[in-house]
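Ligands are counted one by one from 1 in listed order, and the atoms in each one are counted from 1 as well.
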Amino acid sequence: MSGPRVVVFPSVAELGSTLAQLVSSRAEKALSTGESFSLGLSGGSLVSILSKELPAVPSLDCSRWLIGFCDERLVPFRDPESTYGLYKSQLFEKINIPEDRILAIDPSLPVQECADDYAGKLSKAFNTEQIPVFDMLLLGMGPDGHTCSLFPDHPLLQESHRTVAPISDSPKPPSQRVTMTLPTVNAARCVVFVTTGGSKAPVLKQVLEGGEGPALPAALVAPGRGELFWLVDEPAAASLTSQVERPGPGAKL
Ligand SMILES: O=C(O)[C@H](O)[C@@H](O)[C@H](O)[C@H](O)COP(=O)(O)O
């Protein structure tokens, strides 16, 4: 993998429209040679950014997309903390993604069984007993450098076999979650971090330019054979001194 492309935008709105264009272009590429476009979604602020911008892409056809979740909270879908629930109301109802092509967890299961069940859903959908290779994963990063539900100094960072794992002690509530593991994240063809806001500036510098102590979870994302993008806004990029890109309005990545 070549190094990450760090792309800085003046505003979240400009970041969001470029993100939507990037998703759409990778979907076209996947569908030009294959049966589907597999996209993994994260929660947090990504929900509103994607839900605002993706439906605005002209003639977007999501009928052959396959949607998975990079992580999910173990709460009922109607709970405002449910990432699936938020995407269902804010995005899925605005695009033509068939319900049976959205791979959601079964939140009625205990967390270990839920993770095993979700791993099975991915295995079936990707028709593999190995690691499912997503065309694209969209990730966020917390102010502590977590991504998915992989948190600093957590044993899950060492997981090298399971594709999906449970966590019951998430420092970010809700405490019970299911998360993709690093082997699954790093198997993807394209990984895109979306990070905005000044509160992320210190941790973004540490992740991209190094710092004290063990590598933070977001710094462990390095897709072996895939592309890695960091789409950030100026406030989040404020502490960076390394090479970044600042595309003109409407530029395509
Ligand atoms: O469901 C979750 O909690 C997310 O998947 C989580 O990993 C999120 O991406 C980060 O916490 C960043 O969230 P923000 O972008 O809202 O800061």
Side-chain angles (χ1 to χ4, degrees), residues 9 11-13 15-16 19 23 39-54 67-92 102-105 107 111 114-115 118 134 136-154 156-157 159 164-182 184-186 188 191-208 216-221 228-238:
F9 298 86
S11 70
V12 176
L15 183 159
L19 170 66
V23 172
L39 175 66
L41 302 177
S42 292
S45 60
L46 184 67
V47 179
S48 56
I49 295 173
L50 206 58
S51 302
K52 179 172 181 296
E53 300 292 347
L54 200 55
I67 300 272
F69 291 87
C70 301
D71 64 332
E72 177 57 291
R73 297 90 176 280
L74 199 66
V75 296
F77 293 150
R78 66 183 176 286
D79 187 309
E81 289 288 342
S82 165
T83 298
Y84 167 81
L86 292 172
Y87 274 114
K88 180 165 172 51
S89 60
Q90 296 185 36
L91 177 62
F92 297 155
I102 303 172
L103 304 173
I105 67 165
V111 69
C114 185
Y118 198 60
F134 277 78
M136 180 177 264
L137 298 178
L138 303 182
L139 302 181
M141 179 184 66
D144 60 354
H146 82 260
T147 190
C148 303
S149 290
L150 300 169
F151 292 90
D153 306 318
H154 198 284
L156 273 184
L157 297 180
E159 178 59 54
V164 171
I167 175 170
S168 297
D169 56 352
S170 168
K172 176 181 179 183
S175 60
Q176 289 202 323
R177 294 155 171 253
V178 164
T179 184
M180 282 183 190
T181 59
L182 286 169
T184 301
V185 172
N186 284 329
V191 177
V192 183
F193 275 98
V194 175
T195 297
T196 62
S199 69
K200 305 289 174 72
V203 70
L204 187 63
K205 181 177 183 63
Q206 184 172 347
V207 165
L208 293 178
L216 294 173
L220 298 174
V221 173
L228 178 58
F229 290 91
W230 282 83
L231 308 189
V232 303
D233 68 355
E234 288 290 357

- prompt: Taking atom 12 (C) of ligand 1 as the point of reference, which of E81, M141, M180 owns the nearest heavy atom?
  reply: M141
Geometric N/O contact V194 with ligand 1, under 3.5 angstrom: no
statement: For R177, the ligand 1 atoms with a heavy-atom partner under 4.0 Å come out as 1 (O), 2 (C), 3 (O)
- prompt: Tell me, do V23 and L138 make a side-chain contact under 4.5 Å, heavy atoms counted?
  reply: yes
- line: ligand 1 atoms nearer than 4.0 angstrom to some heavy atom of D71 are 1 (O), 2 (C), 4 (C), 5 (O), 7 (O)
task: Answer yes or no: is there a side-chain heavy-atom contact under 4.5 Å between S175 and S168?
output: no
- request: Specify the protein heavy atom at minimum distance from atom 10 (C) of ligand 1: its residue, its atom name, and the distance to 0.1 Å.
  value: H146 NE2, 3.3 Å
field: Min N/O separation T147 to ligand 1 under 3.5 Å
entry: no
query: Of all the non-hydrogen atoms in the protein, which one sits nearest to atom 2 (C) of ligand 1, and at what distance?
result: R73 NH2, 3.3 Å
query: Going by the atom numbers of ligand 1, which of them fall below 4.0 Å from some non-hydrogen atom of K200?
result: 14 (P), 15 (O), 17 (O)
query: To the nearest 0.1 Å, how far is atom 8 (C) of ligand 1 from its closest protein heavy atom, and which atom is that?
result: K172 NZ, 3.9 Å
field: Heavy-atom nearest neighbour of atom 7 (O) of ligand 1 within options C148, S170, S149
entry: C148
- prompt: Quick check: does any side chain N or O of R177 sit under 3.5 Å from a backbone N or O of C148, one acting as donor and the other as acceptor?
  reply: no
task: Could you tell me how the ring of Y84 sits relative to the ring of F69: parallel (under 30°), tilted (30 to 60°) or perpendicular (over 60°)?
output: perpendicular
statement: Among non-hydrogen protein atoms, atom 9 (O) of ligand 1 lies closest to G140 CA, 3.3 Å
query: Do the rings of F92 and Y87 sit parallel, tilted or perpendicular, given the 30° and 60° boundaries?
result: parallel
Smallest separation among heavy atoms of V178 and C114, with atom names: CG2-SG, 3.8 Å
message: Tell me whether the count of non-hydrogen atoms from other residues, nucleotides or ligands lying under 6.0 Å of NZ in K205 goes above 12.
response: yes
field: Atoms in ligand 1 with a heavy atom of S45 nearer than 4.0 Å
entry: 14 (P), 15 (O), 16 (O)
query: Under 4.5 Å between any side-chain heavy atoms of V221 and N186, yes or no?
result: yes
